[in-house]
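Here is the naming used below: chain letters follow the sequence lines, and residue numbers restart at 1 for every chain. Quick caveat: nothing in here was measured; it's all calculated off a predicted structure.
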There are 2 protein chains.
Amino acid sequence: MAEEHGAAGAIDTRDLPIRDPYPHLSPTAQRILEAAIRILDREGFNALTFEAIAAESGENRASIRYHFGSKAGLVSVLVDAVMYDGSLELIGAVAHTEAGEQRRRALIEAHREVALRVHEYTAFYDLVPHIVRDPELRERFRQLFVWYRDLDSWALSGSDDPAAGNPYRQLATLTTAMLDGLGLQLLADPDFDLRPAFDLWARMVCDYVERIAAG
Amino acid sequence: MAEEHGAAGAIDTRDLPIRDPYPHLSPTAQRILEAAIRILDREGFNALTFEAIAAESGENRASIRYHFGSKAGLVSVLVDAVMYDGSLELIGAVAHTEAGEQRRRALIEAHREVALRVHEYTAFYDLVPHIVRDPELRERFRQLFVWYRDLDSWALSGSDDPAAGNPYRQLATLTTAMLDGLGLQLLADPDFDLRPAFDLWARMVCDYVERIAAG
DNA sequence: GTCTATATTGGGATAGAC
DNA sequence: GTCTATCCCAATATAGAC
C-alpha cells in the first residue's frame, strides 16, 4: 500500500540549484567554512574577516585565502552551505512520504519547524544584501525560490505527478513568502509567538486545498 | 453618511513608533540624508561611507559628522527615514476611509502597490542586519511590526473600534509577513510577476474576513 | 601546503583654522 | 557652521620563506 520511493522521489537533491559544498572541500577548508558560519550567526557579515575566521577555526589567515581564493570565493561557498542546509531539511521531510494528505501534513510540519528557529534566519538575512548585489549569487537565489515553489506545490497537490502541482503554484509562492516574512518578525522580536499565526496559515492552506480538490 | 474623520483617525502618525526625521534636520542635513538614501538604494550599506555621501550630496565629509555626530547617528536617522516612508503610505491610504468594505479594499490595494515596488525593499533588506544587531534599532523595528499588525487588523475589521481588530490579529501578522516575503522574492528576481500570488492572497483574506463576520 | 611579513587601501575620528 | 589636514586602525591582498 505504500508508494514506491522512486516515485515519491520525483523531487530530490538532484533538482536543487545548489549543491552541498562540503564533499568538495578538504578537511581544513571544511573547518574554515564551519567557523565562518558560526561567526556569521553570532556576529554578522561585517565580523566575517580573515582575522576572525582564523581565530575561530584555529587555522592561519593565509590558509583561508589559499583554500578559497578570496573573500568573495569564501562567501560564495558560504551562501551555498547556508542555502543547502535549509533546503535539505525540507526535502528530508517530504521526499519519502506517501502521496496525499500525509505529504501535505509533512510539508506543513516541516515549515513550522523551520519557522520557529530564528537562529537560521539571522545568517540568511545577513547574506541577503550581498546575494542580491552579486549577479551569480542572485541567480542561484532566484533558482532556489523556483525550487521552493516547485517542491511546495508538488507536496501540496499530494500527487506524484509534478504537473498536478500547477494549481498550487501561487499558494506555494505565498507559503514561501510567509515563512521568510515570519522569520523577519521573529528577528525583530525573538519572544514573539508566531505559532498562532502559523496555525491560521495551516488552516487557510488546508481550506484552499480542499476547495481546489473539490473542483 | 460618511464617518467623521476624527473617528477614522483612530490610527494615525502619532501612534507610529518612529517619527519623520526631516522636520528636525537643517537643510544641509536633509541633503546629506537624501544622498545617503540614494547610495543605500544603489550600492548597499557597505558603500555608505562618509566619502561616498560627501560626493553624492556635494557637502563636505566633516559636515556629515557635524550634523549627525557619528556614523551610527546617521544610520539611526536613516533607519527612521526608511521606515517612516513605508508606513506613511499605508496610513495615507486607510486613515480617512469609511468603516467597512471600503477600508478593507483600500488596505489591500495599498499593500499591493507597496509590494510591486521592489526598489524600496532593497534599502530595507540592506538595513535589516544592522537593525537586528543594534538593541535600540531593533526595539524600534519590533514596535514597527506591532504597529503594522495593529493598523492591519484595525483596517481588516472594518470597524472604528480598535478592539474589533482582535480576531484579525493573526491574519494581520500573516499579511505583514507575506508582503516582506514577496519583496524578497522580487529582489531575487525583479521580473517575477507576483500579482497572481497577491491576488490569491487578497481572495483568501476576503474569504476569511467574511467567515469571521458571519460568526 | 602552510605561514610570516609587508603592502595597500580605505574606513572613521580628531583638532584646529577660517 | 564649515572645511582641511592628519591620525589611527583594520581589512584584504601579495610575495616569498619554509
Side-chain angles (χ1 to χ4, degrees), chain A residues 21-79 123 126-127 129-131 133-134 136-137, chain B residues 21-79 81 123 126-127 129-131 133-137:
Chain A
Y22 283 97
H24 308 279
L25 297 176
S26 72
T28 305
Q30 293 185 15
R31 282 194 299 275
I32 291 170
L33 179 56
E34 287 164 2
I37 292 177
R38 283 196 299 274
I39 292 171
L40 185 65
D41 276 335
R42 259 200 333 258
E43 301 162 68
F45 194 90
N46 284 343
L48 207 64
T49 67
F50 285 174
E51 177 88 43
I53 300 170
E56 175 81 21
S57 67
E59 301 295 326
N60 186 281
R61 277 233 288 264
S63 172
I64 304 170
R65 284 186 55 74
Y66 174 78
H67 284 286
F68 294 94
S70 67
K71 183 76 178 287
L74 172 66
V75 170
S76 176
V77 177
L78 191 67
V79 167
D126 256 310
L127 289 174
H130 307 275
I131 293 173
R133 283 192 169 78
D134 180 308
E136 194 200 329
L137 293 181
Chain B
Y22 283 97
H24 308 278
L25 297 176
S26 72
T28 306
Q30 292 186 15
R31 281 194 299 275
I32 292 171
L33 180 56
E34 286 164 3
I37 292 177
R38 282 197 299 275
I39 293 171
L40 185 66
D41 275 336
R42 258 200 334 258
E43 302 163 67
F45 193 89
N46 284 342
L48 206 64
T49 65
F50 284 174
E51 177 91 43
I53 300 169
E56 176 79 23
S57 66
E59 302 294 326
N60 187 279
R61 279 237 285 267
S63 171
I64 305 170
R65 283 187 54 74
Y66 174 78
H67 284 286
F68 294 94
S70 68
K71 182 76 179 285
L74 172 66
V75 170
S76 176
V77 176
L78 191 65
V79 167
D126 256 309
L127 289 175
H130 307 277
I131 292 173
R133 282 191 172 78
D134 180 308
E136 193 200 330
L137 293 181

A.B. asks: Looking only at side-chain N and O atoms, does A/Tyr66 come under 4.0 Å of OP1 or OP2 in C/dG1?
C.D. replies: yes
A.B. asks: Could you tell me whether the side chain of A/Leu137 reaches within less than 4.5 Å of the side chain of A/His130, counting heavy atoms only?
C.D. replies: no
A.B. asks: Please tell me if the side chains of B/Asp134 and B/Val75 come closer than 4.5 Å, counting only heavy atoms from C-beta onward.
C.D. replies: no
A.B. asks: Determine: side-chain N/O of A/His67 to OP1/OP2 of C/dG1, distance under 4.0 Å, yes or no.
C.D. replies: no
A.B. asks: Phosphate oxygens OP1/OP2 of D/dT2: is one of them under 4.0 Å from a side-chain N or O of B/Thr28?
C.D. replies: yes
A.B. asks: To the nearest 0.5 Å, what is the distance between CZ (B/Arg31) and CD1 (B/Ile64)?
C.D. replies: 12.0 Å
A.B. asks: Of the nucleotides C/dG1, D/dA13, C/dC3, which one has an atom closest to the side chain of A/Glu59?
C.D. replies: C/dC3
A.B. asks: Does anything in residues 56-78 of chain B form a ring-ring contact (aromatic ring centres under 6.0 Å, His included)? List the pairs, not counting sequence neighbours.
C.D. replies: none
A.B. asks: When rounded to the nearest 0.5 angstrom, what distance separates CG in A/Leu74 from CD1 in A/Ile32?
C.D. replies: 8.0 Å
A.B. asks: Let me confirm one number: the CZ-CD1 distance from A/Arg42 to A/Ile37, rounded to the nearest 0.5 Å.
C.D. replies: 12.5 Å
A.B. asks: What is the separation between atom CD1 on B/Ile53 and atom P on C/dG11, rounded to the nearest whole Å?
C.D. replies: 10 Å
A.B. asks: My understanding is that only residues two or more places apart in sequence, or in another chain, count here; which of them pass ring-ring contact (aromatic ring centres under 6.0 Å, His included) with B/Phe50?
C.D. replies: none
A.B. asks: Rounded to the nearest 0.5 Å, how far apart are CD1 of B/Ile53 and CG of B/Leu48?
C.D. replies: 4.0 Å
A.B. asks: Could you state the atom-to-atom distance from CG of B/Asn60 to C1' of C/dA13 in whole Å?
C.D. replies: 14 Å
A.B. asks: Could you list by number each residue of residues 32-45 of chain A showing a heavy-atom separation from DNA chain C of less than 4.0 Å, or answer none if no residue does?
C.D. replies: none
A.B. asks: Tell me, please, which residues at least two apart from A/Glu51 pass salt bridge (charged side-chain N to carboxylate O under 4.0 Å, His left out).
C.D. replies: A/Arg61
A.B. asks: Might you list the N or O atoms of the protein lying below 3.5 Å from N or O atoms in nucleotides 8-12 of chain D, with each pair's distance?
C.D. replies:
unit_1, atom_1, unit_2, atom_2, d
D/dT12, OP1, A/Lys71, NZ, 3.1
D/dT12, OP2, A/Phe50, N, 3.3

A.B. asks: Please give, in whole Å, the distance from C/dG1 C1' to A/Ile64 CD1?
C.D. replies: 15 Å
A.B. asks: Are any of the side-chain heavy atoms of A/Asp41 and A/Asp126 separated by less than 4.5 Å?
C.D. replies: no
A.B. asks: Between N or O atoms, less than 3.5 Å apart, protein on one side and nucleotides 15-18 of chain C on the other: list the pairs.
C.D. replies:
none

A.B. asks: Could you check if a side-chain atom of A/Glu43 sits within less than 4.5 angstrom of a side-chain atom of A/Glu56, using non-hydrogen atoms only?
C.D. replies: no
